[in-house]
Amino acid sequence: MHPWFDVTRHDIQTESSFPEDVVALQFQVVHYGSVHCVVAATTRGIRWSNDGAQSWHRWIDDSANAVVESVVLSPQFADDQTVPAISNGVLVESRDAGLTWEQKLAGSPVLAAATARTDDGQSLILAGTETDGVLRSRGGQGWESINAGLLDLTITTIAISPQFERDRTILLGTPTGLYRSRNGGDAWRELDLGLGDPAIQAIAFSPDYARSGNVFVGTELRGLFASNDWGRTWSSISAVPASGIIALAYGDHGHIAVAGNDGSWISPDDGATWYEMGTGHTAISLAVLAEPEGMSLLLGYAQGGIHRSSNVLNNHRM
Amino acid sequence: MRRGIAQIAQVLRPTLGPIGGTIAVSSEIRNRPPEILDDAATIARRIIELDDPFENMGAMLLRQAVWKARELVGDGGATTALLSHALIESASRFAAAGGDILAIRRGIDAGVACCIDTLDGMARPIDAPGEIASVIRGIVHDARIAQSIGEVLDAVGWDGQIEIEDGVRGETEFEYVEGIRWREGVPSPHFILDGFTSTIADFPKIFVTDRTLQRAEDIVPVIEACLAAGSRSLVVIAPDIQGAALSVLLLNRDRGVLDCALALRGPGSGKSQADAIEDLAIITGARCFRDIERYSAKSIQPDDLGEARQIWSTRTQSGVLGGKSGCAHRIPRIAELRRRIERTEDANDRKVLQERLGRLLGISAIVRVGGATKPAQAESTARVTAAFAAGRAALRHGVVPGAGLAYARCNEALALLTLDGDEAVGLRMLRDALMVPMQTILDNAGLESGPIINHATSAAHDCLFDVVRREWVDPWREGPLDAVSVLKTALELAASNFATSITIGALVRSRRPEVARAP
């Protein structure tokens, strides 16, 4: 059994709820057979939940209290138990599902990371740094700099197409613009949002991006932008009035959630209509969970703790 | 003249389409194998002269039009030739029967204008690598190379810098160049230490000027500014550095005042070098000290020096990685260059501007064309060059269904145009000519063209017969597609060539003087 699902292990601590004094900095939803596993990068280690964020688990070891800014599970996670993560600006990797960690990159602080599987079955890891642009590792080999075409070498966010094996598309955000590669990162080209040089903070691909062409981008000061033609043209989403977008999460069936510096919103139809969540707190991390009774939304609050809204859209439509 | 045009058209006819044939052109040098070519423009260029002087005039007129198509849009040479030939043949017969040739010309001109509007209305933009590949697959005849060219154009843009050179391997290779690289090395071999082939300066301070530095006074304030900025690594970018200035810079390195000292010649020469040096100042965030402003070296301040992650140089090449300029300076310059590239019609000016744009964008691509033999490599280079030109045209102006279907749709649009008398006859000639490319592509693929043309032209939606896959396809989903500017250019050149040829009243040739023969 995969160690993350064997919660009877003595080295795993189970918490009946997410601690109020821990900040969830980022969520990732992974599918493991029929189970949806939510993984949280937090100010005190990595936590995961196998029951829709009701209860949480974590390793009891030296890494338990480390600040983890981001967790990017390998596409082959179920098989190889590889977990790349960013901890205190350093890219680390565990090959035993998080029990032990190894530093992978020295030098400029790593601000963003992403993983994907290449068309020849290798795992791809991208690391976006503060001053050295993007670094790429294929199949666990060494790291190479892939900055051809980047005008800004500070990388704030990276998103890889869900159909990367076919379309080899990657988007990345910088403090001065959005860049796209359609050859696996070999070369980058700036995309024009029609705004000058917007600072990009979050990017979310639709799970069926290859067919729909839907992708959303959140900026620091200019709000939310969407493209439905694979990034060719962009339009501002005025229905989401937040000027600063902190996090985006795209779930199944066209559900997209947005966390801004003055509220959170969710759309059930790829951004055509929006509902404000009105929780009264600022969320800095998001996840959309598909559950039998409907979509649930998971919000990580800036002051600590999480909020889970079950069947969120039916509640808001009433 | 008509016979000369027909000869050229007949030679180029087999090359049209993805299953076009090749043409063997004998070498001027004895014992050399013939060149095997399938690119219409190159073949036309190899035809130096026809035996008959009057036939030769027609041939050379058409040859010029075919090459012009290559120069303007990179493709469409065979189409230009076939359309020209079809128009001139039918108009010549009509003229021989006493028809009004000027009315024919007016009818054709009106039809061409209608076709241009129809093609523009039909065109759709493309930008994905796969879409670009579907436009050029018929040119390079290799799916892998077509896809790679699509990716390169997607990355660098239609106006980006792409160098095509001979490779040393059998396969064609594609490389992206990160940052900036140019073909000028160090001005003195002393900048490269013994036992090394290059010098690398990490995180240097960078002084940029378009003045050749010669005196010690030119360089001493620069070294002082570098040290005042807290750095002991200095790079000087200038047209040249000579004499005492060179000695002082090397002396300060050798005595340990500077850990690293490097001087680089700016790219290009003359005015273009001054512009390129100014670009490098923008890229590195340096102030560009211009000779024309008669700057004083004493005025150089630490803040005037630029920065980069790395600068490297060999004896023949130099490069900058991670110039520390702000986008605020680079982006207006990029926009200005793009406007100039859009406007310029001179191929050489465009090339220089594209090189500068590539440097400012921090990306360019090198294509190393492979080939089993020199002739095969030359042929591949011609194909790759044409494919990039057609891909650029497609990205810039959009695409229409290929395999002659777009011209067939123009033919349908012309059916709605009402003209009278001999003008209507001219229109009819143009409509017939527009079907020639589709018919020729099918003939070249060994297919019976009649039923296929009937089906393609009677279908309510766009569908065409892909002669490679031998099946009906939706061109918008599966290709083949043509760059709309290639079809427009071919049509306009054919009409222009027709107008020139058909209105000529007499042919005059100079008699060659008798050559005295030795007894």
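Just so you know, these numbers come straight off a predicted model, no measurement behind them. Each chain gets a letter, A, B and so on, in the order its sequence line appears, and its residues count up from 1. Just the heavy atoms: all of them, side chains too, but no hydrogens, waters or symmetry mates, feed the values below.
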> Going through the checks in order, is the side-chain contact (heavy atoms from CB on, under 4.5 Å) test met by Asp154(B) and Arg180(A)?
Replying inline: CA-CA 10 Å; Asp154(B) 176 53; Arg180(A) 179 180 66 192; 3.9 Å; yes
Considering only heavy atoms, which portion of [X] lies under 4.5 Å from any heavy atom of chain A: side chain, backbone, both, or neither?
X	answer
Ala365(B)	neither
Ile126(B)	backbone
Ile334(B)	side chain

> At what distance, to the nearest 0.5 angstrom, does CZ of Phe174(B) lie from CG of Asp186(A)?
Replying inline: 12.0 Å
> Measuring from Thr176(A):OG1 to Arg330(B):CZ, what's the distance to the nearest 0.5 Å?
Replying inline: 9.5 Å
> Of all of Gly149(A), Ala187(A), Gly133(A), Ser145(A), which one pairs up most often with chain B through heavy atoms under 4.5 Å apart?
Replying inline: Gly149(A)
>> Can you confirm whether Asp127(B) sits close enough to Arg189(A) that some side-chain heavy atom of one is under 4.5 Å from a side-chain heavy atom of the other?
In response: no
> Should the pair Glu131(B)-Arg232(A) be classified as a salt bridge under the 4.0 Å nitrogen-to-oxygen rule?
Replying inline: yes
>> Is it true that, when you exclude Arg168(A) itself, more than 12 heavy atoms of the residues, nucleotides or ligands shown sit nearer than 6.0 Å to its CZ?
In response: yes
> Just wondering, more than 12 heavy atoms not from Arg469(B) lying within 6.0 Å of its CZ?
Replying inline: yes
